[in-house]
Each structure stands twice: as structure tokens, then as C-alpha cells.
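As the structure is a prediction and not an experimental result, all values here were calculated from the model. Numbering of ligands and ligand atoms starts at 1, following listing order.
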Amino acid sequence: MKEEGVELIREGKRLDGRGFDELRPIKIEVGVLKRADGSCYFELGDNKVIAAVYGPREMHPRHAQDAKMAVLKYRYNMAPFSVEDRKRPGPDRRSVEISKISREALEPVILKEYYPKTEIDVYVEILQSDAGTRTAGINAASVALADAGIPMRDLVSSVAVGKIDGEVVLDLNAVEDNNGEADMPIAMIVRRNIITALQMDGRMTREEFEKGLKLAMNACRQIYELQRTALIERYSEL
Ligand code: UDP
């Protein structure tokens with residue numbers, strides 16, 4: 001809900017100085033955790049996220065195994081100190097929903113059939129949040145899966161677009177998300193132009209939706225290049 005008198009756009013710029021089609025600064029670090037098989041630290045503006053991947057490892061309990069392929073698990077978790085008002089620790093409806101859509105966003109690129117009867121565990125921890133944490137989590141998880149050596153068709157890249165003060169803009173921060181008219185996170189396999197997740201909170205017209213989709217797809221291309229570069233840098237050092 002928009003607070004009374006909050007103005008999100010002034011003289012064609014957003015409150016943080018960005019243009020409508022600008023991403024927040026992104027920082028990616030690969031292999032930051034010693035004990036995980038793969039890991040990634042991802043910053044998107046004031047969002048700070050860590051993804052850790054374990055597996056493929058034998059799945060327990062055995063009755064939950066899939067004889068034909070690996071089972072992908074994804075846990076999105078917000079640290080109590082990651083938000084303005086302390087968040088009550090533990091799962092809630094929001095984190096269950098985000099875990100599900102994030103897993104579904106990544107599943108199409110993972111060659112699960114290579115590892116029957118196993119599980120691949122993805123843990124995403126939100127250390128600091130400023131809207132867009134699910135997209136930052138998917139980006140981090142995608143890189144961490146590659147770092148763990150999980151066979152993948154490609155990476156998945158993710159960003160949100162939305163509508164604030166009647167304008168379609170890229171990558172909303174928390175003030176924009178809270179006071180805006182719509183928020184639409186998407187995830188995609190950039191090189192194949194395949195969208196693997198799309199959610200919509202709020203309302204946009206068809207034209208706004210199409211404009212937003214174009215903005216998001218362009219931004220995913222930029223994020224994809226950063227993800228690739230981070231992985232190449234990590235492994236060319238060795
Ligand atoms: N948020 C919060 N407390 C919560 C959930 C969310 O303060 O329990 C804030 C947090 O900054 C988050 C933002 O609201 O990044 C937007 O949340 P949303 O559910 O839209 O998910 P996100 O945009 O982070 O994927």
C-alpha cells in the first residue's frame with residue numbers, strides 16, 4: 001500500500017537516482033563457503049544473499065527417492081536481522097512459496113536424470129533484504145549449483161520489474177515495492193529465451209506487462225554475463 005504523499009519518481013529519476021531501466025549494483029563471489037560443495041555470495045544493491053549447495057548425495061528417507069532422477073530441494077530463509085522489523089525465525093507461508101517457485105525456476109536446467117536416487121540441496125540465506133530477495137536467491141543458487149559441479153544445461157538468471165507512480169521500472173527496491181502498483185519477478189534461461197518463473201503482484205495493463213517483460217529480459221542478459229564472468233574468474237584462478 002502506498003503511503004500518503006510518497007513520491008517515487010522525481011524529474012524522470014527514481015529516489016535512488018536510477019533511471020527506469022537500471023539495475024542496482026551487482027556483486028558476485030563464487031565458492032565462499034568451505035564446507036558446501038558449491039556456494040555463491042550475491043549482492044543486488046542492499047540485498048545480501050548466500051547460496052550453498054550440497055550433493056548429489058544419497059537421499060534419505062529412501063522411500064522419498066526417485067529411481068529415475070535426483071530430487072532437487074530448495075530452502076529460502078530470511079535471517080531475523082535481514083529486515084527492518086526483526087523477522088520471526090523459521091519457515092512461514094512466504095518462505096515456503098518462494099522456495100517452491102525458486103526450485104521450479106531452476107529445475108529445467110538441472111540434468112537430474114544423471115543422479116537417480118539422490119538429492120541435491122540448495123540453501124539460500126537472506127542476510128540483508130531490500131526487495132528482490134527471491135530473484136537474488138535464484139541468481140546465487142544458479143551459480144552455486146554450477147560451482148558444485150552439478151551438470152546443467154545452462155544458468156538461470158532472475159530479476160523483478162514493476163510499476164511505480166504509473167511507470168514501468170526495473171528492479172524495485174523496498175520503498176518502491178511497498179509503495180508501488182505492481183511487482184513482477186521473473187527467471188529465465190537467457191540463451192534459450194525460456195522463462196522458468198513469472199509471478200505478478202498488483203496490476204499492469206497488457207502493454208505495461210510487455211514493456212516490463214522486455215526490460216526484465218534485457219536485465220537477465222546482463223545478469224547472465226555477470227554470473228558467467230564470476231564463474232570463469234573463479235576457475236581460471238586455479
Ligand atoms: N520484507 C520484510 N519482512 C518480511 C518479508 C519481506 O521486511 O517478512 C521486505 C523485505 O525487504 C523484502 C521486501 O519486503 O525484500 C519484499 O518482499 P517480497 O515478498 O516482495 O519478496 P522479494 O521482493 O524480497 O523477493
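- The protein heavy-atom contact nearest to atom 25 (O) of ligand 1 is Arg134 NE, 2.8 Å.
- Val32 and Ile232 are assigned to two separate hydrophobic clusters, defined by single-linkage of ILVMFWY side chains at heavy-atom distances under 4.5 Å.
- Side chains of Asn139 and Ser142: no donor on one and acceptor on the other come within 3.5 Å.
- Inclusion of Lys87 in the set of residues having an N or O under 3.5 Å from an N or O of ligand 1 is not warranted.
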If you look only at distance, which donor and acceptor atoms sit under 3.5 Å apart when one is on a side chain in residues 51-65 and the other is two or more places apart or in another chain?
{"from": "Arg57", "atom 1": "NE", "to": "Asp121", "atom 2": "OD2", "distance (Å)": "3.0"}
{"from": "Arg57", "atom 1": "NH2", "to": "Asp121", "atom 2": "OD2", "distance (Å)": "2.8"}
{"from": "Gln65", "atom 1": "NE2", "to": "Met59", "atom 2": "O", "distance (Å)": "2.9"}

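- Using a 4.0 Å threshold on non-hydrogen atoms, atom 14 (O) of ligand 1 does not count as touching the protein.
- What sits closest to atom 1 (N) of ligand 1 on the protein, heavy atoms only, is Val83 CG1, 4.1 Å.
- In terms of polar-atom proximity, Arg94 is counted as a contact of ligand 1, with an N or O under 3.5 Å from an N or O of the ligand.
- If you check which protein heavy atom lies closest to atom 12 (C) of ligand 1, you get Ala131 N, 3.8 Å.
- When hydrogens are left out, the protein atom nearest atom 23 (O) of ligand 1 is Gly132 N, 2.7 Å; that is the closest non-hydrogen contact.
- Here the shortest heavy-atom pairing between Ile28 and Cys40 reads CG2-SG, 3.7 Å.
- In this structure, atom 20 (O) of ligand 1 lies nearest to the protein heavy atom Asp177 OD2, 3.2 Å.
- Among protein heavy atoms, the minimum distance from atom 10 (C) of ligand 1 is reached at Ser129 OG, 3.2 Å.
- With respect to atom 24 (O) of ligand 1, the closest heavy atom belonging to the protein is Thr133 OG1, 2.5 Å.
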